[in-house]
Amino acid sequence: MAELLEALIKMPQVRIKNPDYMRSVFEEFIDGNSQKLQVISDFDQTLTKDHEDGERCLTTFGIFHSTPQLPDGYCAQSEVLYHKYHPMEVHPDLSVEEKTPYMVQWYKDSEQLLFGADVSKENLKNHIYSSKTIFRDGSKDIFDALKKAGVPVLVFSAGVGDVVRHALEKHQMLLDNVRIISNFLNWDSESGKLAGFQGDMIHVFNKNQRAVAAHEEYFSLLANRPNVILMGDNEGDAAMGHGVQNPKAMIKIGFLYHHANERLEKFMDMFDIVLIDDQTMDVPKYILNYVIGKENFN
């Protein structure tokens, strides 16, 4: 236990606010091993990279927005919305409560742009398969190891669920232990054209409500898995585990990029381990080596 914690503390990208708490959690995790574990992860900038070679990586919305069949002017309008609302999402001085109305309006405005777009399911799938989704170094290794160990994985995304699904398929990561909760597109049954999203929108700050209200059955099936590794890159992601029934031990890992100095204190209040500008899965993989065993990574 001491070896695991000391190794993490020495890593330059790692910040741990409460080492004593982490020591006790690691004890629970290792004692429970893979039989008591479940994993909950965000998708954009969590399973995927935030940037590579100095360039920002496309999010699921970014990939969707580049679909060739979208009408003229769509991308420009969507870009306007991004520059209007994204600064609110990452603003270091705004609380989650203050950010939430901006996120709600962003999704409403984005959905309005979709109605009537002549993009078929096949168009979208082909575009996603031809697009470059840049997963974090080691993401597939972790998914393969969790499948081998029989550990359930929930990918909980406020992005475009269809992009999440096809991107995971493309990279052989949509395994039978993986479930997706996200915003899936809705197609009009008669015209075949886009008609917004299915159901209420999931945004980055309401994942706790979605977990408890809409997907209670999933968490009830995992009631015998009270140990949770949770990974995200936004303050709202820290609430993704609220649906877990009778949690015993939870490790929240937060990937921090934008306004890192200003947001670090807030992140350390919400996440147990904060990784600063880390584009790899090295830390989660290092922890899982102890919990599910190195043999599952072979």
Side-chain angles (χ1 to χ4, degrees), residues 25-44 46-47 60 139-169 171-186 197-232 234 236-254 271-272 281 284-285 287-288 290-293 295-297:
V25 170
F26 285 147
E27 289 175 357
E28 291 285 358
F29 267 68
I30 293 172
D31 183 59
N33 61 60
S34 61
Q35 302 302 312
K36 299 295 183 181
L37 180 66
Q38 60 174 293
V39 173
I40 303 173
S41 178
D42 176 49
F43 187 82
D44 288 318
T46 299
L47 294 180
T60 55
S139 286
K140 188 176 188 309
D141 293 340
I142 283 181
F143 268 57
D144 289 342
L146 292 169
K147 169 65 171 67
K148 190 174 180 181
V151 176
V153 178
L154 173 63
V155 178
F156 200 165
S157 173
V160 183
D162 306 77
V163 179
V164 173
R165 182 177 65 236
H166 291 311
L168 289 172
E169 284 176 348
H171 291 269
Q172 294 81 53
M173 293 169 62
L174 190 57
L175 307 171
D176 57 18
N177 64 318
V178 176
R179 174 162 177 171
I180 302 168
I181 296 176
S182 188
N183 298 304
F184 286 92
L185 293 163
N186 185 32
F197 289 97
Q198 300 175 22
D200 294 332
M201 292 293 293
I202 301 170
H203 59 74
V204 293
F205 300 120
N206 73 348
K207 289 182 174 181
N208 56 335
Q209 299 167 24
R210 296 287 170 238
V212 175
H215 300 279
E216 187 174 358
E217 181 181 358
Y218 172 82
F219 290 104
S220 67
L221 293 173
L222 302 183
N224 63 335
R225 292 180 175 272
N227 297 340
V228 184
I229 291 179
L230 181 152
M231 299 184 291
N234 197 293
D237 292 333
M240 292 188 297
H242 282 194
V244 175
Q245 296 191 2
N246 304 314
K248 189 172 185 180
M250 186 177 299
I251 299 175
K252 298 181 181 181
I253 301 173
F271 293 95
D272 305 304
M281 278 291 184
K285 183 176 180 180
I287 294 170
L288 284 168
Y290 283 82
V291 179
I292 67 175
E295 65 274 10
N296 286 299
F297 286 92

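Each residue takes its place number in the sequence, starting with 1.
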Open item on the list: Using the salt bridge (charged side-chain N to carboxylate O under 4.0 Å, His left out) criterion, which residues pair with D141? Sequence neighbours excluded.
Closed with: K285
Task: With F43 via ring pair (Phe, Tyr, Trp, His ring centres under 6.0 Å) - residues at least two apart - done: F135
TODO: Give the minimum heavy-atom separation between Y218 and P152, together with the two atoms involved.
DONE: OH-CB, 4.1 Å
- [ ] Could you walk me through whether D144 and K140 pass the salt bridge (charged side-chain N to carboxylate O under 4.0 Å, His left out) test, one step at a time?
- [x] CA-CA 6 Å; D144 289 342; K140 188 176 188 309; 2.8 Å; yes
Open item on the list: Quick check for you: to the nearest 0.5 Å, what is the distance between L230 atom CG and Q38 atom CD?
Closed with: 9.5 Å
- [ ] Would you name the heavy atoms of V25 and M250 that are closest together and state the gap between them?
- [x] CG1-O, 4.1 Å
Task: Non-neighbouring partners of D272 that pass side chain to side chain contact (heavy atoms under 4.5 Å, CB included), sequence neighbours left out - done: Y21, M22, K252
Task: Nearest heavy-atom neighbours spanning I253 and P284 - done: CD1-CG, 4.1 Å
Open item on the list: Going by side chain to side chain donor-acceptor pair (under 3.5 Å), name the residues that satisfy it together with N234, two or more places apart in sequence or in a different chain.
Closed with: E89
Task: For A149, all residues meeting side chain to side chain contact (heavy atoms under 4.5 Å, CB included), sequence neighbours excluded - done: S34, V151, I292, N296
Task: Point-to-point distance, once rounded to the nearest 0.5 Å, from CG of L47 to CE of M231 - done: 6.0 Å
Open item on the list: Does anything in residues 219-229 form a side chain to side chain donor-acceptor pair (under 3.5 Å)? List the pairs, not counting sequence neighbours.
Closed with: none
Open item on the list: Suppose we screen for side chain to side chain contact (heavy atoms under 4.5 Å, CB included). Which residues come up paired with N177, at least two apart in sequence or across chains?
Closed with: L146, K147, V153, L175
Open item on the list: For the CD1 atom of I287 and the CD1 atom of I30, what is their distance to the nearest 0.5 Å?
Closed with: 10.0 Å
- [ ] Check the pair I142, V39 against side chain to side chain contact (heavy atoms under 4.5 Å, CB included), reporting the backbone distance first and the verdict last.
- [x] CA-CA 11 Å; I142 283 181; V39 173; over 6 Å; no
- [ ] Check whether any side-chain N or O of T46 sits under 3.5 Å from a backbone N or O of S41 as a donor-acceptor pair, and report yes or no.
- [x] no
- [ ] Verify side chain to side chain contact (heavy atoms under 4.5 Å, CB included) between L37 and L288, making sure each step is shown before the conclusion.
- [x] CA-CA 10 Å; L37 180 66; L288 284 168; 3.9 Å; yes
Could you list the donor-acceptor pairs under 3.5 angstrom formed by side chains in residues 154-168, with sequence neighbours left out?
{"residue": "S157", "atom": "OG", "partner": "G159", "partner atom": "N", "Å": "2.9"}
{"residue": "D162", "atom": "OD1", "partner": "L185", "partner atom": "N", "Å": "2.7"}
{"residue": "H166", "atom": "ND1", "partner": "E169", "partner atom": "OE1", "Å": "3.0"}

- [ ] To the nearest 0.5 Å, tell me how far D200 CG sits from I202 CD1.
- [x] 9.5 Å
- [ ] For K148, look at atom NZ and say whether over 12 heavy atoms of other residues, nucleotides or ligands are found less than 6.0 Å away.
- [x] yes
Open item on the list: Suppose we screen for side chain to side chain contact (heavy atoms under 4.5 Å, CB included). Which residues come up paired with N33, at least two apart in sequence or across chains?
Closed with: Q35
Task: Over all atoms of both residues, closest heavy-atom pair of M240 and D42 - done: CE-N, 3.6 Å
Task: Residues in ring pair (Phe, Tyr, Trp, His ring centres under 6.0 Å) contact with F271, at least two apart in sequence or another chain - done: F267
Open item on the list: Return the CZ to CG distance between F205 and D237, rounded to the nearest 0.5 Å.
Closed with: 8.5 Å
Open item on the list: Strictly by salt bridge (charged side-chain N to carboxylate O under 4.0 Å, His left out), give each pair with a member in residues 238-250 just once, sequence neighbours left out.
Closed with: E28-K248
Task: Partner residues of D44 under the salt bridge (charged side-chain N to carboxylate O under 4.0 Å, His left out) criterion, sequence neighbours left out - done: none
Task: Approximate separation, where rounding is to 0.5 Å, of L222 CG and E217 CD - done: 10.5 Å
